[in-house]
Amino acid sequence: MPPPPAARAKVLRAFASLLVEQGERAATLEAVAERAGVSKGGLLYHFGSKDALADGLTAHLRELTAADVERMRAAPAGAVDYLIRTSTLVDTEFELVYLAVSRLAQGSYPRARAALDGAHDAWTRAVLDEVGDPVVANAIVLLSDGLYAHAALSSDVLGRVTGGGEVDDGADTAGEDLAFRGPRPGDDVDDLLRLIGELVALRRASTG
């Protein structure tokens, strides 16, 4: 997938960042242009309206999803391993755009919801092709969603650490006696992958 032109990409990233940081109402054309370091006229050259910006970001998510699923299907250890291991990564372009489109989906942009559903469908289909069981495939993708949600509490998609690895002294004292904490970015998921493998084997044995 070729990257978008530099100026257009800067505008899309600025729009996504504002959506994530401040919400859809704050992501005005003027604010996006300022964040991107372009004139409003320069922004309008690429995107004639805020709806066009939303459509551009949604289309970019579809492109990123297609590339992610391609990598997922080509992963040496398989689609399931790829999906689970990447579920705690929250500081990539994909996560920024995905979360920004999620913000749009909460408003009056039905195509944003459709793009999110399309990503879920593509991931689930890739997992299903590997495990052969739609119930297990859906459970694996939901597990992936949960890993991502917990990891996102510790580090945001704009690359700022908010917990987990680089924390201030005493930041975790309230939960220091917990036996089980939520996943953090970069956590080891080998045990989860072994459990998934056992579940797949059990389902195959019970239905074979």
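No hydrogens, no waters, no symmetry mates; every other heavy atom, side chains included, goes into these values. Position 1 is the first residue of the sequence, and the numbers go up from there.
- Of all heavy-atom pairs between A100 and V20, the closest is N-CG2, 3.8 Å.
- Taking the side chain to side chain donor-acceptor pair (under 3.5 Å) definition, one finds that R85 meets it with D81, D190, sequence neighbours left out.
- Smallest separation of non-hydrogen atoms from L96 and S17: CD2-OG, 4.0 Å.
- When atom types are taken as modelled, the side chain of T58 and the backbone of A54 share a donor-acceptor pair closer than 3.5 angstrom.
- The two atoms that bring S49 and L44 nearest to each other are N-CD2, 4.4 Å, heavy atoms only.
- Remark: S108 engages no residue in a side-chain contact (heavy atoms from CB on, under 4.5 Å) (not counting sequence neighbours).
- K50 contributes a side-chain N or O that, together with a main-chain N or O of A27, makes up a donor-acceptor pair within less than 3.5 Å.
- Electrostatic pairing of R125 and D121 counts as a salt bridge here, judged by a charged N lying under 4.0 Å from a carboxylate O.
- Across A126 and M72, no two heavy atoms sit closer than the pair CB-CE, 3.8 Å.
- Counting only distance, with no hydrogens or angles, the side chain of E130 and the backbone of A79 share a donor-acceptor pair below 3.5 Å.
- Residues V11 and V32 approach most closely at O-CG1, 3.8 Å, considering heavy atoms.
- If you check the side chains of Y82 and D68, you find a donor sitting under 3.5 Å from an acceptor.
- Of all non-hydrogen atoms in T65 and A122, the two that sit nearest each other are CG2-CB, 4.3 Å.
- Checked for salt-bridge contact, R204 and D133 miss the test: no charged N lies under 4.0 Å from a carboxylate O.
- Ionic pairing of R35 and E21 is present here: one or more N-O contacts between side-chain nitrogen and carboxylate oxygen are shorter than 4.0 angstrom.
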